[in-house]
Trainee: 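So that we are looking at the same thing, I have put the structure below in structure tokens.
It should be emphasised that the depicted structure is a prediction, and the values quoted were computed from it without experimental measurement. Index from 1, following the sequence.
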Amino acid sequence: MEKVSNPFQACSDIFFKPNRVFATLADTHNWSWVAFIIVVVMGVLPSYLYFNLVDFDWYRELLVQANLGDVSPSEQNQMRNSITKDATLTFSLVAGIIGVIIVNSVLALYLNLVTKSDEENVNGFTDWYGFTWWVGLPVVVNSLLALMLLLFAQDQQISPSYIVPTSLAFILGLDMQNDWFGLCSAIRLDAIWSIYLIAVGICQWTNFSKNKAFMVAALPYSVIWGVWFMLSLGSNG
């Protein structure tokens, strides 16, 4: 199989020829920094643009009503006074960066443990951690769509779902006050794409069958979405 010559080509080919990218990465080191930077920057860019474009007074009221719509006006005012644009933007960026680092660490640990059943697999935690940044690259598609939607928005009262246009929340037109908004925001087409890439990568790096690789790839997402669904169902019951 023809291999990839550089990390920038790998970032492009991961969308079209993932098998040869993972075949190359199996014998290549220090390329994952490129994918890491792209995933982190593109992951937080829509939030940065959103909070610099949105009517923040409108957004703050949306947030208050979604979280404290049934409490007293005084408690709502306390929340309003505690929410500032700078603090919200900073929290969003920091949480986005730290969050993806932690999530990818957990995913790498999971993949490292599960693939130990393959006696010929020589990849360790750091290899799988680098792997997670490559399978996270579909976030670029979501981010590019989000940037276009935000830049061409008709007014400043922009739904938070515009940050994740590949999500069910955006596709179904759910607003923040909908009880299913959180779960539907997490179920994203780019996440499903990542599941596919994880399966492809596992097939390249181990002797797992395709069916087993897809089961391993889909399990953590299925568990998280399933638990979230049950919790949402219980809160609505």
Trainee: Measuring from atom OG of Ser105 to atom CG of Asn112, what distance do you get when rounded to the nearest 0.5 angstrom?
Mentor: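 Interatomic distance, Ser105 OG to Asn112 CG, rounded to 0.5 Å: 12.0 Å.
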Trainee: Taking all heavy atoms of Pro7 and all of Trp134, pick out the closest pair and write down the distance.
Mentor: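 Closest pair (atom of Pro7, atom of Trp134, distance): O-CH2, 3.7 Å.
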Trainee: On a heavy-atom basis, which atom in Ser194 and which in Val135 lie closest, and how many Å separate them?
Mentor: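 Nearest pair, atom of Ser194 first, then Val135: OG-O, 2.7 Å.
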Trainee: Please, which pairs that meet side chain to side chain donor-acceptor pair (under 3.5 Å) have at least one residue in residues 159-169, sequence neighbours excluded?
Mentor: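 Those involving residues 159-169 are Asn142-Thr166, Ser159-Ser161, Thr166-Asp190.
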Trainee: Could you report the tightest heavy-atom contact between Leu197 and Pro18, atom names first, then the distance?
Mentor: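 So the two residues come closest at CD2-CB, 3.7 Å.
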Trainee: Does Val94 share a hydrophobic cluster with Leu89, counting links as ILVMFWY side-chain heavy atoms below 4.5 Å and allowing steps through other members?
Mentor: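 In one cluster with Val94: Leu89, no.
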Trainee: For atom CZ of Phe8, decide whether the heavy atoms of other residues, nucleotides or ligands shown that lie under 6.0 angstrom number more than 12.
Mentor: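 No, the 6.0 Å shell around CZ holds no more than 12 heavy atoms from other groups.
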Trainee: Sub-3.5 Å donor-acceptor pair from the side chain of Ser82 to the main-chain atoms of Met79, do we have one?
Mentor: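 Yes, because the side chain of Ser82 sits within donor-acceptor range (under 3.5 Å) of the backbone of Met79.
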Trainee: Less than 4.5 Å apart, any side-chain heavy atom of Ile163 and any of Phe170?
Mentor: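 Not in contact.
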Trainee: Would you indicate whether the side-chain heavy atoms of Arg20 and Gln204 approach each other to under 4.5 Å?
Mentor: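 Sidechains of Arg20 and Gln204: no contact.
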Trainee: So do the side chains of Leu93 and Phe51 get within less than 4.5 Å of each other, counting heavy atoms only?
Mentor: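 No - every pair of side-chain heavy atoms lies 4.5 Å or more apart.
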Trainee: One pair to check against side chain to side chain contact (heavy atoms under 4.5 Å, CB included): Phe36 and Asn104. What are the steps and the verdict?
Mentor: CA-CA 10 Å; Phe36 165 78; Asn104 280 14; over 6 Å; no
Trainee: Does Met215, at its CE atom, have more than 12 non-hydrogen atoms belonging to other residues, nucleotides or ligands within less than 6.0 Å?
Mentor: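 Open: at most 12 neighbouring heavy atoms sit under 6.0 Å from CE of Met215.
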Trainee: If two hydrophobic side chains count as joined below 4.5 Å and joins carry through other members, does Ile97 share a cluster with Met42?
Mentor: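 Yes; Met42 is reachable from Ile97 via cluster members.
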Trainee: For Phe125, does the CZ atom sit with more than 12 other heavy atoms under 6.0 Å from it, leaving out its own atoms?
Mentor: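 Atom CZ in Phe125 is crowded, with more than 12 foreign heavy atoms closer than 6.0 Å.
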Trainee: Taking all heavy atoms of Ser117 and all of Val114, pick out the closest pair and write down the distance.
Mentor: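 Shortest heavy-atom contact: OG-O, 3.1 Å.
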Trainee: How many angstroms lie between atom CD1 of Ile202 and atom CG of Asn121, to the nearest 0.5 angstrom?
Mentor: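 Going from CD1 on Ile202 over to CG on Asn121, the span is 10.0 Å.
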Trainee: Identify the heavy atoms of Pro46 and Leu150 that sit nearest to each other, and give their distance.
Mentor: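 For Pro46 versus Leu150, the nearest heavy atoms are O-CD1, 3.6 Å.
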Trainee: Taking atom CG of Leu109 and atom OG1 of Thr132, what is their separation to the nearest 0.5 Å?
Mentor: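 Going from CG on Leu109 over to OG1 on Thr132, the span is 11.5 Å.
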Trainee: Quick one: CG on Leu231 to CG on Leu183, what's the gap to the nearest 0.5 Å?
Mentor: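 Rounded to the nearest 0.5 Å, the CG-CG separation comes to 9.5 Å.
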Trainee: How long is the span from the CG atom in Asp57 to the CD atom in Glu61, to the nearest 0.5 Å?
Mentor: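 It comes to 9.5 Å.
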Trainee: Counting only heavy atoms not in Trp225, do more than 12 fall under 6.0 Å of its CH2?
Mentor: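 Check passes, neighbour count above 12.
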Trainee: Do Ser92 and Tyr50 come close enough that some side-chain heavy atom pair is under 4.5 Å?
Mentor: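 The answer is no, as the side chains (C-beta and beyond) never meet within the 4.5 Å cut-off.
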Trainee: Return yes if some donor-acceptor pair links the side-chain N/O of Thr206 with the main-chain N/O of Thr115 below 3.5 Å, else return no.
Mentor: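 Side chain of Thr206 to backbone of Thr115, a donor-acceptor pair under 3.5 Å: no, none is there.
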Trainee: Flag yes if Val103 and Val39 sit in one hydrophobic cluster, no otherwise; membership is Ile, Leu, Val, Met, Phe, Trp, Tyr, and two members link when side-chain heavy atoms are under 4.5 Å apart.
Mentor: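 Cluster IDs for Val103 and Val39 differ.
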Trainee: Name the residue from Val34, Ile38, Ile37, Val40 that meets the side chain to side chain contact (heavy atoms under 4.5 Å, CB included) definition with Trp133.
Mentor: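 By the side chain to side chain contact (heavy atoms under 4.5 Å, CB included) criterion, Trp133 pairs with just one of Val34, Ile38, Ile37, Val40: Val40.
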Trainee: Does Arg188 reach the main-chain N or O of Val164 with its side chain, forming a donor-acceptor pair under 3.5 Å?
Mentor: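 Checking the backbone N and O of Val164 against the side chain of Arg188, no donor-acceptor pair under 3.5 Å is found.
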Trainee: Quick one, Thr24 with Asp13, criterion side chain to side chain contact (heavy atoms under 4.5 Å, CB included). Give me CA distance, side-chain angles, the key distance, then yes/no.
Mentor: CA-CA 11 Å; Thr24 302; Asp13 285 358; over 6 Å; no
Trainee: Is any side-chain heavy atom of Phe131 closer than 4.5 Å to a side-chain heavy atom of Asp127?
Mentor: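 No; the side chains remain at least 4.5 Å from each other.
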Trainee: Rounded to the nearest 0.5 Å, what separation is found between the NZ atom of Lys85 and the OG1 atom of Thr90?
Mentor: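 The NZ atom of Lys85 sits 11.5 Å away from the OG1 atom of Thr90.
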Trainee: Report yes if the side chains of Trp180 and Leu172 come closer than 4.5 Å at any heavy-atom pair, otherwise no.
Mentor: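 Not in contact.
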Trainee: State, with a plain yes or no, whether a side-chain heavy atom of Asp175 is found less than 4.5 Å away from one of Asn178.
Mentor: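 Asp175 vs Asn178: side chains touch.
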Trainee: Do Trp205 and Trp128 pass the ring pair (Phe, Tyr, Trp, His ring centres under 6.0 Å) test, and can you show the C-alpha distance, the side-chain angles, and the key distance before you say yes or no?
Mentor: CA-CA 10 Å; Trp205 285 19; Trp128 288 110; 5.0 Å; yes
Trainee: Answer yes or no: are there more than 12 heavy-atom neighbours, outside Tyr221 itself, under 6.0 Å from its atom OH?
Mentor: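 Count over threshold, so yes.
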Trainee: Is there any salt bridge (charged side-chain N to carboxylate O under 4.0 Å, His left out) pair reaching into residues 212-229, and which pairs are they, with sequence neighbours excluded?
Mentor: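 Salt bridge (charged side-chain N to carboxylate O under 4.0 Å, His left out) check on residues 212-229 returns no pairs.
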Trainee: For a quick test of reading the model, state the closest non-hydrogen atom pair linking Ile171 to Pro165 and the distance between them.
Mentor: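 So the minimum-distance heavy-atom pair works out to CG1-O, 4.3 Å.
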Trainee: Does the side chain of Tyr129 reach to within under 4.5 Å of the side chain of Ile101, using non-hydrogen atoms?
Mentor: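 Yes. Closest side-chain heavy atoms under 4.5 Å.
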Trainee: For the residue pair Phe214 and Tyr196, does the interplanar ring angle fall in the parallel (under 30°), tilted (30 to 60°) or perpendicular (over 60°) class?
Mentor: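 Geometry flag for Tyr196 against Phe214: tilted rings.
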Trainee: Indicate, with yes or no, if Trp58 and Leu174 share a hydrophobic cluster defined by side-chain heavy-atom contacts under 4.5 Å among Ile, Leu, Val, Met, Phe, Trp and Tyr.
Mentor: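 Looking at the clustering, Trp58 is in the same group as Leu174.
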Trainee: Is Phe91 reachable from Val54 through a run of I, L, V, M, F, W or Y residues, each pair having side-chain heavy atoms under 4.5 Å apart?
Mentor: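 No, it is not one cluster - the side chains of Val54 and Phe91 are not joined through contacts under 4.5 Å.
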